[in-house]
Asks: 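This is the structure, below, for whatever I ask next.
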Amino acid sequence: MDKILEALVSSSHPLTVKRAIVKKVMEAAEKEVTEEQCQALYHLTTRLILQGEDAFQRQVGLQVQEAYARYHRDEFARFFSKEFVLGLLQQGYGSLDCRDPAILDFLHSSLRLLISCPAVLELAPLLQTEVLRIICERPEPATCAKLATILTDFPQCVPREKAGVLFCQQLVRTFAYFNCPATEERELREYVTQVTRVSVLLQGIWKAEPATLLPSLQEVFAIISSTDPSFEPSIALASLVQHIPLQMITVLIKSLTTDQNVKDASMTQALCRMIDWLSWPLANHVDTWVIALLKGLAAVQKFTILIDVTLLKIEQVFNRLWYPIVRQGALVVLSHMLLSFQHSPEAFHLELPKPNEEKIKFFLNQSAWTSQSNSFASGLLKITGKSETGKTGLVNLGNTCYMNSIIQILFMATDFRRHVMSLHLNGSNTLMKKLQLLFAFLAHTQRAAYSPRSFLEGSRPPWFTAGSQQDCSEYLRFLLDRLHEEEKTLSAFLVTSPKPEPATTSAETLNNAASQPVADSQSPLHPEPVAAKGDGRTLVERMFGGRLSTAIRCLQCHSLSEKEEPFTDLSLAFCPSMSKCHGPNDEHKSSSSVGPCQGAVNGGSESSEGSVKEGAGTRMERPVVEPTLSVPDLVDYFLAPEILENENCYFCERCASLQRAEKVMQVVAAPEYLILTLLRFSYDATCHVRRKILDNVGIPLHMSLPLRQHGISVTSSSSDSPESGENLAKKLKPSQKEDGMTENRTNSESNDSDSEMLSVPYVLSSVVVHSGMSSESGHYYSYGRNVSNTDGYVAHPSSKSLESSSLSESSTASQEEMGCADHKSTDWFLFNDSRVTFTNSESLRNVTGRFPKDTAYVLIYRKQEVSGQQSNPGPVVNGSRLSGEPPLQKELMDAITKDNKLFLQEQELNARARALQATSASCSFRPNGSDDNEPPGSCGPSGGGGGGGFNTISRLVF
């Protein structure tokens, strides 16, 4: 039979044929077989198991040997003799070394075949001696783990009495040599499993023979207290700590700390290595033993050891706090070390790691109660945690995406946010106070989405119909005007009012000022601490305010009329040749020109856009079209000279008649944050509706704004083409302060030399995207990132004449390369009402190409620092200028703490309620029965720009 089997496994027959014949051989084991045949088969199967050429041969060997050993156990016991086992363990088998793991695997499987046979008892004394010999040779963790498995299954093979004590001591000593060569997670997990298996064996021996425990612990201390610099014991010893009975702590610690034979250097070394054990991922009670030893040393007044160990290990213990799996034990030890180190602040002044703000928020969010996962909960039973971005969404309160998108881009205007958060507005009820509170909640709340109901009621323009879709650009302009007027009113009030006591300035003055009537404003602003700049400008003016010069030159007498006026945003019209089917006059009807009484987009509903479905096929078949124009093109068009003629002729006072004239607009003061509004809504005179211009506009990450320095006159353009008269849609919002407008008239002899222009660099901060086909419906969502005045690049001032293009494509492209190289994919965030996700600049710049009705509407660029020029500094708090986030004021902190506690209580109550209703809850609610085919920009559950939307739970307002 053995000859047949040997020839079979080495033949070239198909595996199916081989398996069929092997099955016949195994069935033959039930029949009577001579002892010689059995012995021959056992030798053959042993060779196949240990030296088989492939997995099939080894599998055949195991199956056949098991089959024959079951029916012919006595013959197998005689085969598996003491001599045979001793030869395997001392000499190996053939080419296999005696330490090869395959030898131990074969030994284990053979013993299992003899588990109820007296032969095992006969082999036990031999195995007790051999396992002790093997352990004394310091085998690798894999070999020790296999031995531990054998001894756990066959405890009669564990050494006894004195040999048992020696075995445990040697096994502990072997632990000290367990090195981890793992470079991958799989190898590391295997290593930890092997160490755990050996430590469980020791635990079993200690329980079965308690006399072995104390000698084992003495061996552990001898190892970790060694001062031999050439020997560093393995951290795997930490796995033994969890198996030491806690009742022994007092006795052992007292014995160690009072033993006069233990030198201070040895105790210091032992304590340091025990602190190192805090890094072992599965070690329990290590912190208990460390603190007990620290207290024991303090009790015997060995303060030198405590000081040395604390200063040596405090930084390492602190670093362990970054790893959740060992954080709890490390925190307990760190707290004890710091709180007990009272004689000197030295332990507190070490150079500990200083993570950045984003990393701090990440770890705080990771450790929050609301971020903990529960494997037993699923679906609606899970508590909705904060976004992985760490940012907070805003609840849609009924077609309020226009407000949510504006709030988010203002919050992402880093320097503006820091100035707002640094204001002292305690006790006031102004709009700025509401904005400050809203910013504080966006930064620190534990809610996934915050409900801005109070801010909505305080900031909604009077002509906006509640519950209707509105124009976000109009809302932004109204909001900034309100904040500006509040601060101006308060400044005037403080000048004319008696100066109050310092202790009551903040609250009482604001409340008194808030009751004064203000044009287009319900309450004034705050005592502005940062107004110490001395220029008298409001916060809105300092952050968003610029100045625009408009010069009109009569082409008959060449007299010049020039005036300056402030602006907070530039409304960029599309050139009639750029837009698809709209005439020049259509641009006059842009959304920015609509007055308050008319209502910008009143009567619409943002959710209605979700129900206006285009064919899915049409949407998918449309190819991605590269933008033919960019934001710099629109800025160029805005600043291009314009000829006033025909019905738009200019009335010249010198000529005392209507004359052809040239109109030129130039920026003379660049804002810190440049707000650009693309005038996408034009009036269709034939249908009497406002239509949307769907042109794809390129959005550069970096751009430059041409700035005319003060004292330089405006040059006359050589262009006298009537086509320039088409540029009639470049209208700025009329200034509301006449005293801020200056008008100068000069003679034709004025200086006509070319004016030099300064190029001011800007970097993109945020974008509001409108999704929809008309102004009466659709949805707003926004992209944003944190940008300060030193991000991107530092530019050097450059000059160019007015004849050259104000924004060159080549310079923009080079700036793109400079600015995009170090951008990470997580630099950008997508804010879509309640949902906030990571995104990147490519997604932003290609959004219209992928979703034709999703177009950029409002853009904010941050001015970058220019070499040689003074940039707008950060906010001042307590006399110090901040470069980071200002500290949270007590009133704001109390409000956030109160709301976070309320949120946790609500989450607990909601979880209990949902658990009771779990059987009836099948899926999230889909409003209006909408399907899954909505484009990313719709206001349905799928959200905008791939940002998702909301479900019933996230829309709840607590």
Asks: Can you tell if the side chain of Thr174 reaches within under 4.5 Å of the side chain of Cys144, non-hydrogen atoms only?
Replies: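 Answer yes - side chains close enough.
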Asks: Look at Arg99 together with Glu140 and state whether they make a salt bridge at an N to O cut-off of under 4.0 Å.
Replies: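 Looking at Glu140 together with Arg99, the answer is no, because their closest N to O distance does not fall below 4.0 Å.
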Asks: Just verifying a value: how many Å separate Arg70 CZ and Glu30 CD, rounded to the nearest 0.5 Å?
Replies: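 Answer rounded to 0.5 Å: 9.0 Å.
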Asks: Please evaluate residues Glu130 and Arg133 with respect to the criterion side-chain contact (heavy atoms from CB on, under 4.5 Å), reporting the C-alpha separation (whole Å), side-chain torsions for both, the decisive distance (0.1 Å), and the verdict.
Replies: CA-CA 5 Å; Glu130 285 302 307; Arg133 179 188 61 80; 2.7 Å; yes
Asks: Which heavy atom of Ile223 sits nearest to which heavy atom of Pro233, and what is that distance?
Replies: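 Looks like CG2-CB, 3.6 Å.
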Asks: If every non-hydrogen atom of Ile103 is compared with every non-hydrogen atom of Asp97, which pair is closest and at what distance?
Replies: CG1-O, 3.6 Å
Asks: Identify the heavy atoms of Trp280 and Ala238 that sit nearest to each other, and give their distance.
Replies: CB-CB, 3.6 Å
Asks: Kindly indicate whether the side chain of Leu217, heavy atoms from C-beta on, has any atom under 4.5 Å from the side chain of Met248.
Replies: yes
Asks: Between atom CG of Leu147 and atom CG of Leu132, what is the distance when rounded to the nearest 0.5 Å?
Replies: 11.0 Å
Asks: Side-chain contact, heavy-atom cut-off 4.5 Å: Pro245 with Leu213?
Replies: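 Answer yes - side chains close enough.
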Asks: Report yes or no: does Thr129 contribute a side-chain atom to a donor-acceptor pair with the main-chain N or O of Pro125 at less than 3.5 Å?
Replies: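 Side chain of Thr129 to backbone of Pro125, a donor-acceptor pair under 3.5 Å: yes, one is there.
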Asks: Is there a side-chain contact between Cys136 and Arg173 in this structure, where contact means two heavy atoms from C-beta onward sitting under 4.5 Å apart?
Replies: no
Asks: So does Arg189 have more than 12 non-hydrogen atoms from other groups sitting under 6.0 Å from CZ?
Replies: no
Asks: Please enumerate all residues that pass side chain to side chain donor-acceptor pair (under 3.5 Å) together with Gln170, with sequence neighbours excluded.
Replies: Arg138
Asks: The criterion is side chain to side chain donor-acceptor pair (under 3.5 Å); which residues satisfy it with Glu161, sequence neighbours excluded?
Replies: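 Once residues adjacent in sequence are excluded, Glu161 has no partner under the side chain to side chain donor-acceptor pair (under 3.5 Å) criterion.
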Asks: Apply side-chain contact (heavy atoms from CB on, under 4.5 Å) to Leu48 and Arg58, showing your working.
Replies: CA-CA 5 Å; Leu48 291 176; Arg58 292 189 291 271; over 6 Å; no
Asks: Would you name the heavy atoms of Thr837 and Thr389 that are closest together and state the gap between them?
Replies: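 Closest approach of Thr837 to Thr389: C-CG2, 3.6 Å.
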Asks: If you take all heavy atoms of Cys38 and Glu75, which pair is closest and at what distance?
Replies: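 Heavy atoms only, the tightest pair is CB-CB, 4.1 Å.
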Asks: Within the side chain of Gln91, is there an N or O that forms a donor-acceptor pair under 3.5 Å with the backbone of Gly87?
Replies: no
Asks: To the nearest 0.5 Å, how far apart are CG in Asp308 and CE in Met267?
Replies: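 Output value for this atom pair is 13.5 Å.
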Asks: Enumerate, atom names and distances included, each donor-acceptor pair closer than 3.5 Å involving a side-chain atom of residues 282-298, sequence neighbours excluded.
Replies:
{"from": "Asn284", "atom 1": "ND2", "to": "Gln242", "atom 2": "OE1", "distance (Å)": "3.4"}

Asks: Should the pair Phe178 and Phe175 be assigned to parallel (<30°), tilted (30 to 60°) or perpendicular (>60°) ring geometry?
Replies: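 Aromatic pair Phe178/Phe175 classed tilted.
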Asks: Show your reasoning for whether side-chain contact (heavy atoms from CB on, under 4.5 Å) applies to Phe56 and Arg19.
Replies: CA-CA 9 Å; Phe56 174 75; Arg19 289 195 178 101; 4.0 Å; yes
Asks: With a 4.5 Å heavy-atom cut-off, do Val131 and Leu151 have their side chains touching?
Replies: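 Contact flag for Val131/Leu151 side chains = yes.
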Asks: Please examine the side chains of Leu127 and Leu111, heavy atoms only from C-beta on, and report whether any two atoms are closer than 4.5 Å.
Replies: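 With C-beta onward as the side chain, the pair touches.
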Asks: Identify the heavy atoms of Pro139 and Ile135 that sit nearest to each other, and give their distance.
Replies: CD-O, 3.7 Å
Asks: Given Arg78, which partner from the list His72, Gln39, Glu35 fulfils the side-chain hydrogen bond (donor to acceptor under 3.5 Å, both in side chains) test?
Replies: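 Passing option: Glu35.
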Asks: Tell me, which pairs form a ring-ring contact (aromatic ring centres under 6.0 Å, His included) where one or both residues lie in residues 225-261, sequence neighbours left out?
Replies: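 Pairs touching residues 225-261 that pass the test: Tyr177-Phe231.
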Asks: Looking at residues at least two apart in the chain, or sitting in another chain, which of them share a side chain to side chain donor-acceptor pair (under 3.5 Å) with Lys313?
Replies: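 If we apply the side chain to side chain donor-acceptor pair (under 3.5 Å) test to Lys313, skipping adjacent residues, the hits are Asp276, Gln316.
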Asks: Give a yes or no answer on whether the side chain of Arg327 reaches the backbone of Leu321 with a donor-acceptor pair at less than 3.5 Å.
Replies: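 Yes; judged by distance alone, with no hydrogens or angles, the pair exists.
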Asks: Does some side-chain heavy atom of Lys146 sit less than 4.5 Å from a side-chain heavy atom of Pro101?
Replies: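 A side-chain contact exists here, since the closest heavy-atom pair is under 4.5 Å.
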Asks: Just verifying a value: how many Å separate Trp206 CH2 and Cys168 SG, rounded to the nearest 0.5 Å?
Replies: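 If I round to the nearest 0.5 Å, the distance is 7.5 Å.
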Asks: Counting only heavy atoms not in Gln328, do more than 12 fall under 6.0 Å of its CD?
Replies: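 Result for CD/Gln328: open.
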Asks: Counting N and O atoms only, with roles assigned by atom type, does the side chain of Ser226 sit under 3.5 Å from a partner on the main chain of Ala222, one being a donor and the other an acceptor?
Replies: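 Checking the backbone N and O of Ala222 against the side chain of Ser226, no donor-acceptor pair under 3.5 Å is found.
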Asks: Is the side chain of Ser110 donor-acceptor paired with the backbone N or O of Phe106 at a distance under 3.5 Å, no angle test?
Replies: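 Flag set: sc Ser110 to bb Phe106 pair under 3.5 Å.
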Asks: Could you check, using the six-membered ring where one of them is a Trp, whether Tyr42 and Tyr68 have ring centers closer than 6.0 angstrom?
Replies: no
Asks: Is Lys82 paired with Glu122 through a side-chain N to carboxylate O contact shorter than 4.0 Å?
Replies: no
Asks: Side chains of Leu104 and His108, heavy atoms from C-beta outward: is any pair under 4.5 Å?
Replies: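 They are not in side-chain contact.
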Asks: With sequence neighbours left out, write down each residue that passes side-chain contact (heavy atoms from CB on, under 4.5 Å) with Gln51, or none if nothing qualifies.
Replies: Arg47, Tyr93, Ser95
Asks: To the nearest 0.5 Å, what is the distance between CD (Glu232) and CG (Asn179)?
Replies: 10.0 Å
Asks: Considering the options Thr310, Ile224, Val309, which one meets the side-chain contact (heavy atoms from CB on, under 4.5 Å) requirement together with Leu271?
Replies: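 Among the candidates, only Val309 passes.
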Asks: Dump the intermediate steps for side chain to side chain donor-acceptor pair (under 3.5 Å) on Asp228 and Ser230, then the final yes or no.
Replies: CA-CA 5 Å; Asp228 182 2; Ser230 64; 2.8 Å; yes
Asks: Would you sort out whether Phe80 and Leu123 count as a side-chain contact (heavy atoms from CB on, under 4.5 Å), showing the intermediate values?
Replies: CA-CA 9 Å; Phe80 200 71; Leu123 291 171; 3.7 Å; yes
Asks: Return the orientation label for the Phe84 and Phe79 ring planes: parallel under 30°, perpendicular over 60°, tilted otherwise.
Replies: tilted
Asks: Using 0.5 Å steps for rounding, measure from the CG atom of Leu96 to the CG atom of Leu50.
Replies: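 Separation between the atoms: 6.0 Å.
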